[in-house]
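Below, each value reflects all heavy atoms present in this structure, side chains not excepted, and no hydrogens, waters or symmetry copies. Residue numbers start at 1 and run along the sequence shown. Because the structure is a prediction, the values reported are computed rather than measured.
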Amino acid sequence: MKIVFILSLLILGASCSKDERVEPVDIITDSPQLRSIQDQADQMSRDIQNQIQRQMTAAQIQIAQEQREISFDLMKLTNIKDPKKLSLAGKYFALMDFQLFENSENHESRSIELFLSNTKSLYPKKLKLKYSMRKDKSLNLYTIAIAMNAVNPSRPAPANSFMDIILNGLATGSSDLINNNKEKFIFLLQLRHNALYDLVIQFFDKSRISLSRRFTVTGKNMELETVQKLYDLLIQADRTREHLTEQGIKLEDYKNRRKKLTGMKLKIHKSVDKDLANILIDIQRHIKENY
């Protein structure tokens, strides 16, 4: 009734003639009782908005979790030569629980458990790295290893990836889940390192030869964006190696891949534009400086 009374006063004030009008008075400010009513109304409005937002977020998260499972299943069915395979694996990681909730730390353990359950059948019986991705049949695990640094771009929490969680857990020993599955995660990180190198090598070396042979890169018929992405992958591989080395973990088969990369020759074709030529030169310089 009080609110109706206030509205009536406002309506009456608006209906006065020009001669009858007086200076407007802030009734809400002048009356503590009315101000309290207004505060309650404002709070009620905020509560309703927050409730709607929570309901929308819950619905969106449910959809995202369903998409995560679908992405993982599709990734396993997609041919290794299809670019969608890697993007589906990236989507899987970007939609993990810790990526979807603002209080992500409470969901990290759940995400690790989910990952271990999803990938259980992908791991070989013996966690031994193969010489080359070309000879390995566990290509789904290679794809998972490459995509594990994916981050959800719209996440409200700090932008840590699944790989960040695993590396931090290995370094600090703070997670029983990671400690109990340490061998699996180290294997996955080593697999990631080798897979990234193999991707770079296989792109530049078009001949079907062993990893010990040298090869020449001309840049002909190559796209700048693709080569830039490969350069980024090379840097990611180096960072993965650094993290493992810091923990005293020796990389298997790294020497062969390093030998292959350091043997890369650069003979830029005349048809290659300046930007592409520069990025190829940067890649070769990076290899010489780091290996």
Looking at [X] and [Y], would you say the former's side chain and the latter's main chain have a donor-acceptor pair under 3.5 Å?
X      : Y      : answer
Asn290 : His286 : yes
Ser161 : Asp164 : yes
Arg68  : Tyr92  : no
Asn180 : Asp176 : yes
Thr143 : Leu139 : yes
Thr262 : Lys259 : yes

Q) Is it the case that Lys265 places NZ or CZ above or below the six-membered ring of Phe215, under 6.0 angstrom from the centre and within 45 degrees of the axis? A)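 Ring-cation test returns no.
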(Q) Quick check on the 6.0 Å ring-centre criterion: do Phe162 and Phe115 meet it? (A)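 For Phe162 and Phe115, the ring centres are under 6.0 Å apart.
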Side chains of [X] and [Y] in contact at under 4.5 Å (non-hydrogen atoms):
X      : Y      : value
Thr216 : Leu266 : no
Met163 : Asn168 : no
Ile112 : Phe185 : yes
Glu113 : Leu177 : yes
Ile186 : Gln247 : no
Lys260 : Asp205 : yes
Ile283 : Val217 : no
Arg214 : Met264 : no

Q: Could you walk me through whether Leu86 and Tyr142 pass the side-chain contact (heavy atoms from CB on, under 4.5 Å) test, one step at a time?
A: CA-CA 10 Å; Leu86 189 57; Tyr142 268 97; over 6 Å; no
Ignoring hydrogens, what is the shortest heavy-atom contact between [X] and [Y]? Give both atom names and the distance.
X      : Y      : result
Tyr231 : Asp282 : OH-O, 3.6 Å
Arg192 : Ala147 : NH1-N, 4.5 Å
Val227 : Phe204 : CG1-CZ, 4.3 Å
Gly169 : Ile178 : CA-CD1, 3.7 Å
Asn152 : Gln99  : N-OE1, 3.3 Å
Val272 : Thr218 : CG2-O, 3.5 Å

Q. Run the side-chain contact (heavy atoms from CB on, under 4.5 Å) check on Leu189 and Leu170 step by step: do they pass?
A. CA-CA 11 Å; Leu189 289 168; Leu170 290 172; 3.7 Å; yes
Inter-residue atom distance [X].[atom1] - [Y].[atom2], 0.5 Å rounding:
X      : Y      : atom1 : atom2 : value
Ser271 : Asn221 : OG    : CG    : 6.5 Å
Asn181 : Leu116 : CG    : CG    : 4.5 Å
Asn149 : Ile166 : CG    : CD1   : 13.0 Å
Phe98  : Leu100 : CZ    : CG    : 9.0 Å
Ile235 : Thr240 : CD1   : OG1   : 12.0 Å
Leu191 : Lys184 : CG    : NZ    : 13.5 Å

Q: Any chance you could lay out the side-chain contact (heavy atoms from CB on, under 4.5 Å) test for Met222 and Phe203, step after step, and finish with the verdict?
A: CA-CA 10 Å; Met222 293 182 181; Phe203 177 81; 3.9 Å; yes
Q) Should Lys229 and Asp232 count as an ion pair when the cut-off is N to O under 4.0 Å? A)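 Between Asp232 and Lys229 there is no salt bridge, as every charged N stays at least 4.0 Å from the carboxylate O atoms.
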Q: Report the C-alpha separation of Asp238 and Tyr197 in whole Å, then their side-chain angles, then the decisive distance to 0.1 Å, and conclude whether the side-chain hydrogen bond (donor to acceptor under 3.5 Å, both in side chains) test is met.
A: CA-CA 9 Å; Asp238 295 339; Tyr197 270 74; 2.5 Å; yes
Q. What's the verdict on side-chain contact (heavy atoms from CB on, under 4.5 Å) for Asn160 and Val151, showing C-alpha distance, side-chain angles and the deciding distance?
A. CA-CA 7 Å; Asn160 293 323; Val151 173; over 6 Å; no
Q: Verify side-chain hydrogen bond (donor to acceptor under 3.5 Å, both in side chains) between Asn140 and Lys85, making sure each step is shown before the conclusion.
A: CA-CA 9 Å; Asn140 284 321; Lys85 191 174 187 68; 2.6 Å; yes
Q. Heavy-atom count around Lys182 NZ within 6.0 Å, excluding the residue itself: above 12?
A.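 Incorrect, the count does not exceed 12.
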